[in-house]
Structures are given as C-alpha cells and as structure tokens.
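Letters go in sequence order (proteins before strands), and every chain restarts at 1.
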Protein chains: 2
Amino acid sequence: MVDGRLNSEERKAQIISAVIPLFANLGFKETTTKLIAEKCGVSEALVYKHFPRKEDIYTEIHKFCCDKSQDDKNELTNMEPSTQSLVMIIFTIVYSIYMNIEKDPEEAKNFKRLMFRSLLEEGDFAASFHKSHFEPWIPKIEKCIEAAVKSGDINATISPRLSIYFTHHIAVCLNLYSLPNQTVVNYEKEKEEIANEAILFALRGLGLSSQAIQQYYNPNTLLSFFKKYK
Amino acid sequence: MVDGRLNSEERKAQIISAVIPLFANLGFKETTTKLIAEKCGVSEALVYKHFPRKEDIYTEIHKFCCDKSQDDKNELTNMEPSTQSLVMIIFTIVYSIYMNIEKDPEEAKNFKRLMFRSLLEEGDFAASFHKSHFEPWIPKIEKCIEAAVKSGDINATISPRLSIYFTHHIAVCLNLYSLPNQTVVNYEKEKEEIANEAILFALRGLGLSSQAIQQYYNPNTLLSFFKKYK
DNA sequence: GTCTATAGTAGGATAGAC
DNA sequence: GTCTATCCTACTATAGAC
C-alpha cells in the first residue's frame, strides 16, 4: 500500500478516515473486520492493535465527525439580532444541511448516513452532535426572532424554538429522502429550487410578513455572503 | 406455545407479525434466525419451510406493512376542494404521521423503524409505500390549494407539491428524532403542543393568511372530526 | 516501534440430511 | 422436528521482518 509505515497516531487517523464510508454504508454489523483491514490496506492484527474492539472504531468515528464539523459559522455570532440576521440564519440552516456548500458530497453523504443510523440505534452520536453544533445557536436565533417581532416583521405568535426545529427538520428530511439511489419522493424540482422553496416556506412558517420576506430574502445576495464566510 | 398447529397460510402470517419488531429494532443482519424461531415459538426448520431464505421474511414484512396501512382516510376523497379541506388535510398529515391516533404505539414505532431502515438501504419499501399511500393524495391537495388561492385565503406564490412534502417532512422528522430512548432534541414542549405548532407552521408556510387560519383551524373540532372518521 | 503472516477459538448463519 | 456440516465472524496469540 501507498502509506508505508506510519506512527501510532497517523495510523489511527488513517484507519478512521478510511473506514467511515464502510460504517456509513453498511452499518456496524455488516462492516466486517476483514473489510476494515482491506479498506485500510493493513492486516487485521494491526487494526486490532490500535482498536482492541470493533466498537472502539465505531465510537471513534463518531468523535471524529463531531470534532471535524467544528463549523466556522462563527461570523453569525457577531450578527446583530435582526430580521436580516434571522433570514440569513434560516438560509444557512437549509443550505448547510441540505445543499452542503463546499463540502465533499461523498463525505457529506457519509456523515448523514452515520447520523441517521445513530437515530435508529441509541442516538448518542445524534444527541451529542446536536448539543454541540446546533443547540448553541438557538439563543441567538431566539433573539433574532424577538427583534423581528419588535420591528413588526413577524406578526404571528410562534414558539421560536419549535419553529427553528421545524426548519431544521425540513432540511434534514430532504436529505433523508435523497439518500437512496432511486427516487423515493418525486419533488419535480431541481435541488436548488427545492432549497429556495424550503427557505420561503420556513420564513412564512416563522410568521414573517410578505413585505419582510421580499425586503430581506434575496437568494443570490445571501449565497454570495454565505460563500464568502465559508 | 399457545398457537398449536396452524395451516401454511396461518403459520406464515403468524411468523410475519411476530417477527416485525425484531427486524424493526435490530435490522436485517442482527436479527438472527435463532431469534426469529424463538419469537415465533417454533423451530428454525419450520421457519425455513415457509421462508427459504431470511431475506424472504424481510421482503414479506414490507409487503405486509404496505397492504396493512390501507388507510381509511377515504372520506377525504369526497371533500370539496376548499380552504377548510386543506386545513383538515394538513391536520391529518401531521396527526396520522406524528400523533398516531388510534394505532398501537409499539406497532407504529416498528413501522417507522422499518421505514427509516429502508431509506438507509435501497429505499424500495419507502418508495413503494409513498407511491401507494401518499402520492395519490397530492392531486386532491393541489386542488384544495388552488381553491384556497382563488378564495384569497392563500396570498403567496407557492409550489403546492413541495409545500405538502415540507409539511410531511416536518412530521416525519419529528418522529425520527423521537425514536431513540434518550432525548436527542429538546423541544421543551409536550407532544400535542408540538403537533399543534407544526400544523400552524405548515399552514403559514403554505401561505394561508392569519384570518384564514383563525377561521378554519380549530384543533379540537378537527380532532373530533378526525377521530370520528378513523 | 510498526507491521505481517498464520494459526486458532468460540459462536452464529445457513442449509441439507435424517 | 433434530442433528450435523459448512461457512463466516469477532477476536486472540505468536513468531518474526523491517
């Protein structure tokens, strides 16, 4: 194999990244130790030297995925609580979850599969990922919603937290139904248009007035802004 | 075992219904033939007599679930295309998917798990179920949306098909995140309130004016109507 | 210290013979 | 129905190569 000899840390990292697609596509049970060794280009014995049990690789993969997606959306933290920020955040949620801008599509798909598998198991990975990567944004979003209500851009009584999760769920479920190779749900639209409609649906769902949507939601502007900070 | 001797058809049916929770909770690979036999209260050989391969049981379960859920929502077919009907349909989607009125909770959970597993595999089950149980309602819903637009209750330009799927996806994803025993997402609300908020979010997302929502959406009335026809 | 090769245990899945 | 054979799996242990 190309790799030659690696030190302990390097080898561990190599095994982890090589094996992610296996666990993502086959699940825990169907990923055999033989397949793992083959995919890594090393002997089974070596794998066992670094990870005494198959389960250790699985949990390590989850940790790796949690660390890795340390998103750099930090610029959102500095945003003023406003309707414009709220629109930007909704756009970001849908685009980063469903459109996977500037991520390797294969890598993104593997991550999603691992996430959905977790939800069919104990949900540990999903829970810790959510707590560390999504939950922290909620207070910020709530403030934006507050600001939008104050400025009269939102004229419905909504639960901010639930509304955010509904938006999140639409994006997640669009992913879920796009996982299989065949068409499960026929949306009859291109991916970009689906994302655009989803954002509009969510903005209306959040109670934004049509004037506010027209004023603050411009897909092209937001996209260029989004790309700039990614 | 209680069952005693059954003829071929009865035994097949008994095996199928006994084994659903196994495949739903453990997946294909982790459901061993031994477990299957134990759960059915028969020998492994007898199982193999009726289903030559383990896979045959799995596919039979999918067929069984597709047939079984021949929902009796047929009264919806007779509804006039109107805003009121649209609201009723959105209510029905959220309630039948997320609230599982008048279904055994365990049975409902098994069905969901099978569905989500299918989406991580080839998606055959999910695709055929969708085609036979959800897709047929779409033309009806589209007509209701048309009627609502005409009567001025909807004042946004939306894609009817996508909007319906977004509503569907919210309900499905609420299920998905409720599958694990631990709390993955903290909604901070009771299930019924979540459903109520989801319906309101969807109605606004569909572009319904707040007047129309106030006029046509009354949870208690709809619930009693829904229960009556179930 | 990194790695391979090989041999082997214990147990489960599948399936045929009886 | 039981018994048995075959294959595959997770995992261990050792001996030695670079």
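Cation-pi contact between A:Lys29 and B:Phe28: absent, since separation from the ring centre below 6.0 Å together with deviation from the ring axis within 45° is not met.
One interatomic measurement links the two molecules: CZ of B:Phe51 to C1' of C:dA15, which rounds to 17 Å at whole-angstrom precision. Atom P of nucleotide D:dA17 and atom CZ of A:Arg5 are separated by 13 Å, given to the nearest angstrom. A:Asn7 has its CG atom 21 Å from the P atom of D:dC18, to the nearest Å. To the nearest angstrom, P of C:dG1 lies 12 Å from NE2 of A:His50. Atom CD of A:Glu10 and atom P of C:dG1 are 15 Å apart (whole Å). When the P atom of C:dT14 is taken as reference, atom CG of B:Asp56 falls 11 Å away, rounded to whole Å.
Nearest heavy-atom pair, A:Cys65 versus A:Phe129, reported as atom, atom and distance to 0.1 Å: O-CE1, 4.3 Å. In terms of heavy-atom proximity, A:Arg113 sits nearest to A:Leu179 at NH2-O, 3.5 Å.
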Interface polar pairs with nucleotides 5-10 of chain D, N/O, under 3.5 angstrom:
from	atom 1	to	atom 2	distance (Å)
D:dA10	OP1	A:Thr31	O	3.4
D:dA10	OP1	A:Thr33	N	3.4
D:dA10	OP1	A:Lys54	NZ	2.9
D:dA10	OP2	A:Thr33	N	2.7
D:dA10	OP2	A:Thr33	OG1	2.7

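An OP1 or OP2 oxygen of D:dC11 is reached within less than 4.0 angstrom by no side-chain nitrogen or oxygen of A:Arg53.
Scored by the side-chain hydrogen bond (donor to acceptor under 3.5 Å, both in side chains) test, B:Lys112 finds B:Asn100, B:Asn175 as partners (sequence neighbours excluded).
Under 3.5 Å, the side chains of A:Glu197 and B:Ser159 contain no donor-acceptor pair of N or O atoms.
Each of B:Leu46 and A:Pro52 has a nearest nucleotide on DNA chain D; the 5'-most of these lies closest to B:Leu46.
For A:Glu135 and A:Arg161, the salt-bridge test passes: some basic side-chain N is under 4.0 Å from an acidic carboxylate O.
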